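Just so you know, residue 1 is the first one in the sequence shown, and it goes up from there. Because the structure is predicted, anything quoted here is derived from the model rather than measured.
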Amino acid sequence: FICNSVLSFRNITALAPMVRVGTLPMRLLALDYGADVVYCEELIDIKMAQCHRVVNDVLETVDFVAPDDRVMFRTCEREKDRVIFQMGGMGAALLSDPDKIEAVSASARRCASVEETVSLVRRIEKTGVTAVAVHGRLKEERPRHPVHCDYIQAVAQAVSIPVIANGGSLDLVKTNADIEEFRKATGASSVMLARAAMWNASVFSNQGPLPVERVMEEYLKYAIQYDNNAFNTKYCLCQMLRDKVESPLGKQLQAAQTSAEICKAYGMQELFQQTQERLQARRDTLQSSTEPDRPVVDGDVTTMAVKFERREYPPRVTPKMFLLEWSRKEKLEQPLYETVQRSQDRAFQSIVTVAQKRYRSSLWEKSKKFAEQAAAVVCLRVLGVPEGRIGEEDSGLVCKRKREGKMNGTTEEEGNIKRHIAAIQQETDKSEAAAVVSGDHHRPDTPPEQP
């Protein structure tokens, strides 16, 4: 998504940047309740430089994905022109040499006195920044210390750019009406909220705050819709619970390890299941309609858009079985499978190596077994080798008994049982015959002599 407008920082309320909190669900929730601008959590610049941009057509988002497949930043159309990307690592550079930073918004907190803060902000203003946010505490102070409204006011009077007041959550801002009072007390152009919004995002609403239970449910809906990391979802919900984190709901939430378990704690299992089914249907549609069914060389891997459909093969026949038999026939090493799992949707993708060549389906599967079968299909099709589908001409790679899954009208398993019973009967017959030869026998209808 491309921002086509310039954000205004005058007369706004903003969701402040918060580590682990400012992910997409919380940002969207804040916008719903009336925030004008939302900041993402602070992200480290060197980590973001390693990410690649991915258009996620299933979730309808743009993702920045790390080399280990973790989604570092996810955004969507809903927050276009309203989200601020908070890059970590810039603060230190700004404090050491503010002239290096141009045309960005800045935040000042790490100063030891109001005079030092004013001096720094004036230097920052000269670089051409759009606005500056001032957290009204000194660098050695913590959230439990009172906010210094007079320090923020001194900065606001010293510069002409918009100043955004921050740090009033504990002392001054508990309701929506308090936001304007905080702005007036600091003389700032705007206000940003961190903890007050984290505890109850409806503080941005002029009808708020709403019951936190309702706010948590609305947050969880976004977390499900955008496949938010389960542990991040749990962390944010625990922050909203605050002193109720040891309640029955809190304990069930803390014990949850997956999004499904979190939804169960809130009685939202049905919504979770419906959302998963809808996303899977969209995923299947996109995969079947956009991927061409022809080989494509991707580095040292040959790929095809192949999805393993179990119903297309006899019960006891699989592409992996055919590939293994073909490899043995050609006196090649056994096929080697490597499988990875994608964190976004927990789907699987496999690469199979045969004769030092690698093959992979470009589509992701719901299980490791299916991903390996899909990779085997790609290999067999590229090599022009039969894969064992129903109706396919018998290749002789797999014996007819396995291919048809039946033997004399019975399944293979039933046939094995019959052969086992026959073998036992044969051994019994041999034992009786031996007894006749030795004379140590009796007629079945005559009881043996008693000693």
Glu333 CD: over 12 foreign heavy atoms closer than 6.0 Å: no

Donor-acceptor pair, side chain of Asp63 and main chain of Val65, under 3.5 angstrom: no

Side-chain ion pair, Glu180 and Arg183, N-O less than 4.0 Å: yes

Test side-chain contact (heavy atoms from CB on, under 4.5 Å) applied to Met198 and Arg20, Met240, Gln239, the passing residue: Gln239

Stepwise side chain to side chain contact (heavy atoms under 4.5 Å, CB included) check, Leu237 with Leu241: CA-CA 6 Å; Leu237 290 171; Leu241 281 173; 5.7 Å; no

Distance in Å, Glu365 CD paired with Thr339 OG1, rounded so as to fall on 0.5 Å steps: 11.0 Å

Test item: Ser202 side-chain N/O and Ser205 main-chain N/O as donor-acceptor pair under 3.5 Å: no

pair Lys357-Thr302: side-chain heavy atoms closer than 4.5 Å: no

Arg137 side chain to Gly167 backbone, donor-acceptor under 3.5 Å: yes

Heavy-atom side-chain contact between Arg310 and Thr318 under 4.5 Å: yes

Distance-only polar pair, side chains of Gln276 and Gln280, donor-acceptor under 3.5 Å: no

Nearest-0.5 Å distance that lies between atom CG in Leu383 and atom OG in Ser327: 8.5 Å

Heavy-atom neighbours of Lys174 NZ exceed 12 at 6.0 Å: yes

Stepwise side chain to side chain contact (heavy atoms under 4.5 Å, CB included) check, Phe322 with Val317: CA-CA 8 Å; Phe322 265 65; Val317 173; 3.3 Å; yes

4.5 Å side-chain heavy-atom contact, Lys320 and Pro335: no

For Val191 against Ile179, the heavy-atom pair lying closest together: CG2-O, 3.8 Å

Test item: Ser190 side-chain N/O and Ile12 main-chain N/O as donor-acceptor pair under 3.5 Å: yes

salt_bridge(Lys264, Glu261) N-O dist < 4.0 Å: no

Distance, nearest 0.5 Å, that separates CD1 of Ile224 from OG1 of Thr233: 8.5 Å

Heavy atoms of other groups near Leu336 CG, more than 12 under 6.0 Å: yes

Heavy atoms of other groups near Glu277 CD, more than 12 under 6.0 Å: yes

Heavy-atom pair of closest approach, residues Val377 and Glu387: CG1-OE2, 3.7 Å

Ring geometry between Phe85 and Phe73 (parallel below 30°, tilted from 30 to 60°, perpendicular above 60°): perpendicular

Shortest non-hydrogen contact between Gln225 and Thr275, atoms and distance: CA-CG2, 4.2 Å

Stepwise side chain to side chain contact (heavy atoms under 4.5 Å, CB included) test for Tyr39 and Leu15: CA-CA 6 Å; Tyr39 283 72; Leu15 176 70; 5.8 Å; no

Flag, side chain of Glu41 to backbone of Val21, donor-acceptor distance under 3.5 Å: no

Spacing of Leu210 atom CG and Glu217 atom CD [to the nearest 0.5 Å]: 12.0 Å

Summary of salt bridge (Lys or Arg N to Asp or Glu O under 4.0 Å) pairs that have at least one residue in residues 189-213, sequence neighbours excluded: Glu213-Lys244

Heavy-atom pair of closest approach, residues Ala305 and Ser361: C-OG, 4.3 Å

Student check: side-chain heavy atoms of Pro209 and Asn176 closer than 4.5 Å: no

Shortest non-hydrogen contact between Cys238 and Gln254, atoms and distance: SG-CG, 4.2 Å

Basic-acidic side-chain contact under 4.0 Å: Glu325, Arg328: yes

CG on Asn232 to OG on Ser259, rounded to 0.5 Å: 10.0 Å

Nearest atoms (heavy-atom pairs only) where Ala376 meets Tyr337: CB-OH, 3.7 Å

Chi angles and distances behind the side chain to side chain contact (heavy atoms under 4.5 Å, CB included) call for Val132, Phe9: CA-CA 9 Å; Val132 60; Phe9 289 93; over 6 Å; no

Check: Arg27 main-chain N/O paired with Glu79 side-chain donor or acceptor under 3.5 Å: no

Side chain to side chain, Arg342 and Gln349, heavy atoms closer than 4.5 Å: no

Side chain proximity check, Tyr219 to Asn228, heavy atoms < 4.5 angstrom: yes

4.5 Å side-chain heavy-atom contact, Val354 and Leu332: yes

Donor-acceptor contact below 3.5 Å, side chain Arg74 vs main chain Thr61: no

4.5 Å side-chain heavy-atom contact, Tyr235 and Thr23: no

Pairing of Glu218 and Arg214 as salt bridge, 4.0 angstrom limit: no

Thr13 backbone acceptor or donor facing Asp36 side chain under 3.5 Å: yes

Thr303 and Asp298: side chain donor to acceptor below 3.5 Å: no

Gln257 atom CD: more than 12 heavy-atom contacts under 6.0 Å: yes

Between CZ on residue Arg82 and CG on residue Leu28, distance to nearest 0.5 Å: 10.5 Å

